[in-house]
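Note: hydrogens, waters and symmetry copies are ignored here, and every other heavy atom, side chains too, is used.
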Amino acid sequence: MSKPIVNKITPFDAAMDKAVSFSWNGSQSYANRLVIYNADTMGIIYDRKISAFPHTHIIPAGTLANGRKWIAQFQTFDINDSASELSDKTYFQTLKTPLFYFYGLADGQTIYSASYDAQIYYLQENYEDIQSFRFYLYDGTKTLLSESETMYDSTKIRYQYKGLDNHTLYYFRCHGMTVSGMEIDTGYIRIYTDYRRPGKYSIIYAENDPLHGYMKYHTNIAVIQYNGNKTFNFENGMIDLRGDNEGIYYDTGFVIDGDFTLKLRGMYLNQTATLLELRNTRHSITVNSYLYEDGTTRFKLDVPNGLGHYILYSDALAFNSTDMVCIWIRKVNDIYQLEVIADPDYIGTDNIWYGQQMPPNPSTYDVWIDAPNLFTYVVSKDDMKTHYSDGEPADADVNDIWN
């Protein structure tokens, strides 16, 4: 009988099971024998015969010790238990799995900008160096979006992720190879983006009107009207719907077509209620909240698909009623995601100014409104009310505004 050939054995951690294999061109193998020697003393450390058709053999965890070199030989046996010659000797080594992870970045962490400077922490107790590595960026479905070039400088295992969309779920990952061929991988690290302090400039579109000799500027913000005659108070950009059994309903100007990412935010959401319903002639999406006896709240996304329901649940979250809760719903190629984060540190800081001039020190979120005076003064949100109605509110104060 001919000799089997030991396939290449890359370095591995001896604390874990390891499958090694061989090639064989003879008659059908019904069993194989693996012999492992200490490369320094040539003493036999492992010698076992197993009955198996596949040309593989599992080295049990703890059989070998890390930080050493070994020699492997295979032998095969046919249906009559006739043995082949032992294969030629193949050298390999065992090394403890290195520490390899994103420094200062936890799974599920929120990033507050459109870029992130990622740095990898690497340590191998036998001083095994890194040969090469590469960074990857995935979307919420773990579809690859971009990757870095292959890098070789082990003293600078870092990379800047750029162009991250706001309110989006991503996965970061780094994969590398040590000089001896041992693969190292951070795994998929979940990242959420939330631009709490965006730049002072947003996307503004300019359009030239040569006939009249001026430029028109516009953004992609659309104001939509709700269907109803009720008056709602706006506080910090939110509508107060507490105690309102009907809620607020929009039937024009609000269209979701194809893939989307939707953010729903609110306070006082630790209750059992229907928070959102999106519906057209064919499809519908519903978000519900459920308050449990232990004080935690779970959120449910329900999407009928014609045959049943596409249902996702969030983790059970414990938060105060005044915490800002952000609910993200994402649809990519008919696959949905539901992510919920409670922000106990939310503080509304927007200011509203009255007057015909720009405020002396406006912040990013400030707005000012034309009024019949020539100067501009700030009005505290605590001293005013914002009404949404067609006419002047019955109980309007001096500082109130309405639309």
Side-chain angles (χ1 to χ4, degrees), residues 1-101 107 120-134 136 142 150 152 154 157 173-189:
M1 299 176 67
S2 59
K3 294 190 297 184
I5 300 174
V6 182
N7 294 330
K8 181 180 179 180
I9 304 175
T10 58
F12 63 92
D13 192 331
M16 296 180 287
D17 289 348
K18 173 65 176 179
V20 294
S21 62
F22 62 93
S23 300
W24 171 247
N25 292 323
S27 58
Q28 174 66 52
S29 173
Y30 283 78
N32 67 72
R33 174 190 174 206
L34 174 63
V35 183
I36 300 177
Y37 308 84
N38 184 312
D40 296 326
T41 65
M42 292 304 296
I44 296 178
I45 304 299
Y46 179 85
D47 187 347
R48 185 181 178 189
K49 176 183 176 182
I50 63 172
S51 297
F53 290 107
H55 297 172
T56 57
H57 194 112
I58 303 297
I59 302 174
T63 301
L64 308 176
N66 284 322
R68 298 182 182 178
K69 293 184 178 181
W70 315 91
I71 297 173
Q73 280 186 301
F74 266 110
Q75 189 175 31
T76 65
F77 298 83
D78 63 15
I79 191 173
N80 298 315
D81 204 33
S82 297
S84 71
E85 295 182 49
L86 282 168
S87 68
D88 294 334
K89 294 182 174 65
T90 295
Y91 285 80
F92 67 96
Q93 60 180 325
T94 50
L95 298 168
K96 185 176 180 179
T97 301
L99 296 175
F100 188 73
Y101 57 85
D107 186 49
I120 295 295
Y121 179 87
Y122 173 80
L123 177 65
Q124 208 286 324
E125 66 177 21
N126 301 113
Y127 306 104
E128 175 83 357
D129 201 1
I130 296 180
Q131 181 188 62
S132 62
F133 55 94
R134 187 187 291 260
Y136 301 88
K142 294 185 180 179
T150 301
Y152 302 95
S154 60
I157 315 175
R173 181 186 172 212
C174 185
H175 178 272
M177 188 81 69
T178 67
V179 293
S180 62
M182 190 176 192
E183 292 192 30
I184 46 179
D185 200 324
T186 62
Y188 295 90
I189 307 300

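- One finds the NE2 atom of His57 at 3.0 Å from the OH atom of Tyr46 (value rounded to the nearest 0.5 Å).
- In this structure, Glu128 contributes its side chain and Ser180 its backbone to a donor-acceptor pair below 3.5 Å.
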Quiz item: Can you list the steps and then say if Gln28 with Ile79 is a side-chain contact (heavy atoms from CB on, under 4.5 Å)?
Solution: CA-CA 7 Å; Gln28 174 66 52; Ile79 191 173; over 6 Å; no
Exercise. Please test Lys8 against Thr90 for side-chain contact (heavy atoms from CB on, under 4.5 Å), starting from the C-alpha separation and ending with a verdict.
Key: CA-CA 8 Å; Lys8 181 180 179 180; Thr90 295; over 6 Å; no
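- For the 3.5 Å distance criterion, the side chains of Ser84 and Thr76 qualify, holding a donor opposite an acceptor.
- Expressed to the nearest 0.5 Å, how far CD of Gln75 lies from CD of Glu85 amounts to 9.0 Å.
- By the 4.0 Å N-to-carboxylate-O rule, Arg173 lies close enough to Asp185 to be salt-bridged with it.
- Not one N or O on the side chain of Asn38 forms a donor-acceptor pair closer than 3.5 Å with the backbone of Gly43.
- Under the salt bridge (charged side-chain N to carboxylate O under 4.0 Å, His left out) criterion, Asp107 pairs with Arg190, sequence neighbours left out.
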Quiz prompt | side-chain contact (heavy atoms from CB on, under 4.5 Å) between Lys18 and Phe92, worked out | solution = CA-CA 12 Å; Lys18 173 65 176 179; Phe92 67 96; over 6 Å; no
Self-check item: Worked verdict on Asp81 versus Lys49 for side-chain contact (heavy atoms from CB on, under 4.5 Å)
Solution: CA-CA 11 Å; Asp81 204 33; Lys49 176 183 176 182; 2.6 Å; yes
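- The two residues Thr97 and Met16 come nearest to each other via the heavy atoms OG1-CE, 3.5 Å.
- For the side-chain contact (heavy atoms from CB on, under 4.5 Å) with Tyr121, the lone residue among Thr186, Leu99, Ile157 that qualifies is Leu99.
- Asn32 and Pro54 get closest at one heavy-atom pair: ND2-O, 3.9 Å.
- Phe77 has its ring centre no less than 6.0 Å from the ring centre of Tyr30.
- When side chains are defined from C-beta on, Leu34 does not count as touching Arg48, because their heavy atoms never get closer than 4.5 Å.
- Counting only distance, with no hydrogens or angles, the side chain of Asp13 and the backbone of Ala15 share a donor-acceptor pair below 3.5 Å.
- Taking OH from Tyr101 and CG from Leu123, the interatomic distance works out to 8.5 Å, rounded to the nearest 0.5 Å.
- Proximity of a side-chain donor or acceptor of Thr94 to a complementary backbone N or O of Ala65 within less than 3.5 Å is detected.
- Here the side chains of Ile5 and Ser87 are not in contact, with every heavy-atom distance at 4.5 Å or above.
- Shortest non-hydrogen contact noted between Cys174 and Ile120 is CB-CD1, 3.9 Å.
- Minimum heavy-atom separation, Tyr122 to Pro98: CE1-CB, 3.4 Å.
- In this structure the side chain of Gln73 reaches within 4.5 angstrom of the side chain of Lys89, judged on heavy atoms.
- When atom types are taken as modelled, the side chain of Gln124 and the backbone of Asp129 share no donor-acceptor pair closer than 3.5 angstrom.
- Here the side chains of Ile9 and Phe12 are in contact, with some heavy-atom distance below 4.5 Å.
- Heavy-atom neighbours of Arg68 CZ from other residues, nucleotides or ligands within 6.0 Å: at or below the threshold of 12.
- What you find for Trp24 and Lys3 is that their closest heavy atoms are CZ3-C, 3.8 Å.
- The two residues Ile50 and Thr56 make their nearest non-hydrogen contact at CD1-O, 3.9 Å.
- Using the six-membered ring where Trp is involved, His55 and Phe22 have ring planes that are parallel, under 30° apart on the 30 and 60° scheme.
- Under the 3.5 Å distance criterion, the side-chain polar atoms of Ser132 are left unmatched by any main-chain donor or acceptor of Thr150.
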